[in-house]
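This report concerns only the one structure given below.
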Amino acid sequence: MAGNVDALYIFLLLICGLMTVLVSTAVIVFAVKYRKRLGHRAHQIEGSLGLEITWSVIPLFAFFTFFAWGAVIYFQERTPPRDSMEVYTVAKQWMWKFEHPEGAREINALHVPTNRNVKVIMTSQDVIHSFFVPAFRIKQDVLPGRYTIAWFRATKPGTYHLFCAEYCGTQHSGMTGDVVVMEPAQYEAWLAGGSTGAPLPVTGQGLFNQLGCSTCHQIDGRGRGPSLAGVFGNKVSLEDGRSVTADENYVRESIISPGTKIVVGYKPIMPTFQGLISDDQLNALVAYVKSISQQQPGQPAGSEATAGTQTKSQQVH
Amino acid sequence: MAGHEHNEHSIGFYVVILFALLALTGLTVGAALVNLHAWNPVVALAIASIKAMLVVLFFMHVKGASEKMTKVVIFSGIFFLLLLLGLTMADYGTRLWT
Amino acid sequence: MASVTTIPEQENYLTNGYGIKSWLLTTDHKRIAMLYLASITFFFFIGGIFALLVRLELLTPEGDFLQADTYNKAFTMHGMIMVFFFLIPVVPAVLGNFLVPIMIGAKDLAFPRINLLSWYLYMIGGVLITHCMLTGGVDTGWTFYTPYSTAFTNTKIIEAGLAAFVAGFSSIFTGLNFIVTIHRMRAPGMTWGRLPLFIWSNYATSLVMILGTPVIAITIILVAAERLFHLGIFDPRLGGDPLLFQHLFWFYSHPAVYIMILPSMGVISELITAFSRKRIFGYRFVAFSSIGIAIIGFLVWAHHMFVSGMSLYAALIFSFLTYLVGIPSAIKVFNWTATMYKGSISYTTPMLYAMGFIGLFLIGGLTGLFLACLGVDVHVTDTYFVVAHFHYVMVGSVLMAYLGGMHFWWPKISGRMYPEGWGRLAALLVFVGFNLTFFPQFVLGYLGMPRRYWQYKAEFQVLNIFSTAGATILGVGYVLPLIYFMWSMRYGKPATDNPWSAAGLEWMTSSPPPTFNFDETPVVDFEAYDYEHIKEAEVPVAH
Amino acid sequence: MHTNAATTEHNPALRHHFADMTQQKNSASLGMWLFLVTEIMFFGGMFCAYLIYRLAYFNDFGAASTSLSLKLGTINTIVLLLSSLTVVLAVNAAQRGKQKLLFFYLIATIVLGCTFLGIKAVEYHDKFVEHHVPGPDFHFVAEHPEGHSEQAPVNQQHAQMFFSLYFVMTGMHAIHMIIGVGLFSGLAYQAWKGRYDRNYNTPVENAGLYWHFVDVVWIYLFPLLYLISRHH
Ligand code: HEA
Ligand code: HEA
Ligand code: CUA
Ligand SMILES: [Cu+2]
């Protein structure tokens with residue numbers, strides 16, 4: 001990713017540098033060559049339609065190139081591959097909290113293995129922050145009340161800066177951390193040695209039972225609510241005729257304000273859990289809902305191995 | 001150039017416009033009470049726009065007396081308003097696309 | 001050619017009344033321009049002092065000079081004052097106010113009393129922001145992003161917002177006044193095709209002022225209401241969407257950058273023609289590109305929100321539209337350059353500023369294209385790259401044009417010449433200091449230094465030292481003109497009516513102009529920039 | 001763009017920097033229209049917010065809207081439309097130089113404007129009593145019409161958003177009405193003193209434009225706030 005961005009950047013530098021040099025040279029040359037001298041008079045010129053068109057159309061094409069190339073990279077930056085390892089992130093004034101799928105939690109540091117796509121699912125507890133790792137050329141604002149997503153693939157082991165790039169109050173400049181990239185084996189060792197919480201989906205499953213979700217959402221779909229198995233990542237038809245893809249934000253919204261999007265064929269009876277559960281618990285629930293989707297038969301084979309949504313039975317490779 | 005050629009509308013004319021406006025008010029309330037499904041808001045806004053047009057054209061004398069410039073000004077106002085709404089919706093309307 | 005002969009010892013707008021009241025209650029657009037000049041200069045230096053505080057803090061990576069909160073307030077007040085109380089009004093309210101009626105051959109603006117009201121509104125805003133500054137300040141950044149501004153900070157948001165609100169109405173009324181004046185008050189023969197480009201660009205700016213400013217006004221009201229009455233329109237905890245604030249904010253604040261740049265582009269068109277002694281190359285293209293920028297400028301606002309969590313598709317649309325606005329800007333740059341071709345160019349201070357403008361606007365504008373490029377913006381947004389970009393366009397371009405314009409019209413405004421040698425020295429200092437301050441920031445930005453950082457990683461220090469050093473030179477470069485302009489009001493060489501042998505109605509009246517601008521309404525029977533027919537008087541400056 | 005500088009005889013209301021009354025009047029009228037454009041954009045910001053939340057919180061907005069009084073809203077619409085008539089008649093009277101009539105219509109407009117504001121105040125008061133004012137005390141229960149037992153429980157936040165917008169939009173509108181009543185009081189005073197005649201009545205015309213504009217805003221507010229989801 002960094003390479004792509006740099007290539008585009010250098011391309012822009014070249015073209016724009018060239019333009020700068022061209023125009024400034026012209027200005028300087030004209031200024032010297034046509035400087036005021038005795039007996040020399042300015043030569044009046046009205047303008048030239050041909051020239052005007054030339055210097056509108058050529059830049060326009062250059063601009064389209066910039067746009068298209070930039071758009072392609074942006075698209076990649078915004079669409080995490082399906083097989084990413086998923087890290088849940090909660091930002092708050094002024095720290096970063098990360099939670100690995102295996103349950104490891106860390107603050108202001110994020111350990112990741114090399115050559116793995118890492119998808120960071122982020123939300124904020126207070127104001128807007130921004131997840132910025134200059135070395136990976138990625139940045140994404142972190143908003144309260146919803147999820148935003150960034151992803152990267154680190155290739156070289158090392159420690160990289162993590163900055164908060166959206167102004168968020170007094171210690172905005174202190175809201176920094178490290179992204180520690182390790183060889184996979186070392187990463188395993190780190191995971192094993194680190195603080196051990198239950199894996200996220202397991203925590204989520206516990207909450208699911210404890211909060212009474214399971215009374216309505218039974219796996220076989222016989223409850224008052226729809227079965228949540230197989231929901232995530234698929235299209236859901238809504239009562240008002242629209243259909244949406246169930247992503248992290250959809251699940252989150254379904255829990256926080258269930259009345260907003262009603263699944264077709266169901267009554268809007270689900271109570272809101274707003275204010276009753278924390279962002280961390282919400283993350284766990286989302287991870288759980290995901291995990292039971294990806295285990296469904298009929299899913300692409302590769303999804304079994306999807307690291308971010310494994311249950312505890314699966315081992316990290 | 002709009003000089004002092006005033007709008008020689010009679011009082012009766014203005015009263016007629018008023019009645020049209022009142023009738024449309026009744027109509028829009030009536031339409032709101034009937035279930036037209038997705039058309040309810042459309043109808044409501046269409047009627048509102050007709051009413052607004054009546055006020056602008058006849059009470060504000062844009063029709064007839066006023067010069068072209070006034071119309072340009074009004075249209076640009078509406079245009080930029082729609083721009084604000086439209087391009088903002090370009091974000092909100094496509095948030096759920098994937 | 002119609003020319004108005006004037007007697008040098010004639011009464012002028014400056015000698016028409018002396019007391020405080022003759023200034024504070026004046027409705028003469030030229031006197032109001034002077035009121036603006038004084039107050040805007042004051043706020044520029046206040047804003048500059050905050051810039052110095054910021055730069056001093058950034059001399060070292062640790063936060064050792066200011067407290068974190070103080071630093072945050074410093075750059076917020078710097079940004080707010082510079083944007084709302086300096087750069088938005090500066091060219092229209094000072095030069096525009098002075099010149100628009102004269103250039104079109106009118107006695108005054110259409111609504112002189114509203115013009116005075118604009119100044120009072122500006123001052124009320126100024127008093128509010130000063131009071132706010134002295135009693136604690138604001139720490140949100142000039143962008144006021146919610147929910148930080150509505151629900152988290154406990155600084156004086158409402159007062160600062162009110163200041164911007166009131167100043168906004170000042171700018172709305174100025175814009176309204178200009179549009180009506182340009183439509184209704186042109187002298188006989190002054191057709192649209194003969195208008196000086198400064199008028200076109202002020203017209204375009206005025207459009208933006210009246211169409212954009214009301215939106216920031218209502219946005220400020222909503223923010224204030226949210227703080228006062230627990231509304232939740234922008235607060236996610238109450239079901240609101242903080243991105244809506246950003247949309248509404250940038251709907252104004254992006255076009256606002258064109259409020260700043262357009263009039264200064266007009267100034268540049270005047271300067272380049274006058275000192276190349278040539279008609280502008282492609283008059284119609286330069287004129288219409290101003291309107292083009294004003295209109296297209298309304299279509300691009302969300303390029304400030306590429307990483308905000310906005311929809312991906314909206315980002316594509318806005319990136320694309322942003323590129324379109326580059327075209328009219330390109331047209332201007334190329335036409336200015338072409339105007340110099342085969343001219344007869346003298347290196348006066350105003351011309352030095354104009355040439356500096358072209359170079360710096362190129363860099364500023366072209367780096368805008370980097371930012372409009374989605375893939376690159378993700379990396380450089382909210383870093384010093386953006387800071388460098390906007391200082392190149394706002395300081396490097398607008399401020400340079402303003403200074404160029406001030407030198408150009410100073411003889412007309414004050415009736416005296418400024419000292420040319422000092423003028424050139426200051427121009428040089430500004431140019432060098434400016435580049436030294438802000439060029440390193442492009443590099444800092446690409447290396448990843450985020451903006452609004454009170455302390456930073458040690459590896460960024462070297463470039464920051466350059467930047468601070470440059471700011472010092474820049475500061476000197478700005479203080480110099482202040483000193484010699486004031487000096488010249490007393491000791492400067494008296495100016496003739498047309499010291500530059502320049503075209504335009506403003507040079508056909510006396511220096512300084514009489515209260516009603518012309519002794520008799522001029523009749524225009526010549527095109528703009530009719531340099532072919534203007535006799536070059538004695539060359540004012542040796543080169 | 002004055003072409004015939006000496007056509008009108010000198011009018012005491014002519015300001016020094018204009019060539020003639022026509023130029024002065026056209027300038028004032030253009031200025032007023034431009035001002036109205038700024039007003040469109042000003043209200044536009046609120047309409048934008050409304051549009052977005054209306055679509056996002058469709059059902060809750062519908063439920064919240066039904067708690068507004070349709071009767072009072074309709075009456076107020078009628079009052080406002082009537083006032084627009086009196087305004088246009090006032091302008092007409094001024095243009096025909098009928099000073100007494102002008103004064104009468106101005107007063108009538110003020111009375112109608114105050115009626116509108118009075119009714120609005122009653123509505124606000126009702127909302128206050130019902131705890132529909134956004135804030136910590138906010139509480140909204142939808143009245144379910146019979147036959148709709150399993151309605152969505154109304155999301156309190158979304159209902160509160162509706163009322164936030166309701167108060168902001170109608171509040172801004174009411175402030176404009178208050179300013180309008182103030183303007184018309186000034187006009188009435190001047191009209192009483194006989195300042196407006198056949199040749200000079202621009203202030204009446206411009207204030208009239210302002211009043212009509214405020215009326216147009218209400219024409220949109222009424223269906224958007226009162227009439228959504230009235231059917232069942
Ligand atoms: C006077 C003020 C001014 C001006 C004129 C501009 C002009 C432009 N700006 Fe800038 N901008 C700001 C002030 C200004 N900007 C400010 C204050 C911010 C930050 C606000 C904040 O966050 O605090 C900002 C931020 C900003 C961003 C958001 C960055 C971010 O936060 O991520 C973007 C993104 O698109 C951008 C783009 C542009 C573009 C495309 C132009 C264009 O108009 C430039 C057009 C000009 C040219 C392109 C040069 C001439 C063209 C040629 C010579 C053509 C030939 C070229 C080729 C063939 C390649 N600007
Ligand atoms: C017109 C607009 C304008 C102008 C002219 C300037 C001028 C300058 N700006 Fe500013 N700047 C902004 C608009 C502007 N800026 C904005 C909008 C922001 C964003 C704020 C935000 O993030 O919210 C910003 C942010 C900003 C930052 C980033 C802060 C951060 O993100 O942490 C920096 C850092 O270097 C900076 C520096 C400077 C400097 C060195 C100047 C110099 O050009 C200033 C030169 C002037 C002087 C040096 C004053 C001279 C006076 C004296 C020497 C007299 C001293 C007298 C006494 C003490 C009695 N500016
Ligand atoms: Cu968190 Cu800045
Ligand atoms: Cu912008």
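Chain letters run A, B, ... following the sequence lines, proteins first, then strands; residues in each count from 1.
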Measuring only between side-chain heavy atoms, which start at C-beta, is [X] closer than 4.5 Å to [Y]?
| X | Y | answer |
| --- | --- | --- |
| C/Leu211 | D/Val37 | yes |
| D/Val133 | C/Phe229 | no |
| C/Met185 | D/His17 | yes |
| D/Phe18 | C/Arg184 | no |
| C/Ile221 | D/Phe42 | yes |

Taking [options] one by one, which has the highest count of heavy-atom pairs under 4.5 Å against chain D?
| options | value |
| --- | --- |
| C/Ala110, C/Ala225, C/Ala217 | C/Ala110 |
| C/Gly240, C/Gly175, C/Ala106 | C/Gly240 |
| C/Glu226, C/His247, C/Arg237 | C/Arg237 |

Calculate, to the nearest 0.5 Å, the distance between atoms [atom1] and [atom2] belonging to [X] and [Y] respectively.
| X | Y | atom1 | atom2 | value |
| --- | --- | --- | --- | --- |
| C/Tyr252 | D/Met41 | OH | CE | 13.0 Å |
| D/Leu34 | C/Met209 | CG | CE | 13.5 Å |
| D/Gln160 | C/Leu231 | CD | CG | 8.0 Å |
| C/Ile179 | D/Ser27 | CD1 | OG | 13.0 Å |
| D/Gln157 | C/Leu238 | CD | CG | 6.0 Å |
| D/Arg15 | C/Lys107 | CZ | NZ | 12.0 Å |

Against chain D, label [X] side chain, backbone, both or neither, depending on which of its atoms sit under 4.5 Å from a heavy atom there.
| X | answer |
| --- | --- |
| C/Asp241 | both |
| C/Phe251 | side chain |
| C/Ile233 | both |
| C/Leu109 | backbone |

If you count every heavy atom of other residues, nucleotides or ligands that lies below 6.0 Å from [X] atom [atom1], does the total exceed 12?
| X | atom1 | value |
| --- | --- | --- |
| C/Tyr120 | OH | yes |
| D/Phe58 | CZ | no |
| C/Phe152 | CZ | yes |

Which atoms of D/Ile52 come close to chain C, meaning under 4.5 Å heavy atom to heavy atom: side chain ones, backbone ones, both, or neither?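 For D/Ile52, the contact with chain C is made by the side chain alone.
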Heavy-atom proximity to chain C below 4.5 Å, by part of D/Phe35: both
Between D/Tyr57, D/Tyr53, D/Phe138, who has the most heavy-atom pairs with chain C when the cutoff is under 4.5 Å?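 Among the listed options, the one with the most contacts to chain C is D/Tyr53.
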For [X] versus [Y], what's the shortest heavy-atom pair and its separation?
| X | Y | answer |
| --- | --- | --- |
| C/Ile210 | D/Thr38 | O-CG2, 3.3 Å |
| D/Cys48 | C/Leu244 | SG-CD1, 4.4 Å |
| D/Gly45 | C/Ile218 | CA-CG2, 3.9 Å |

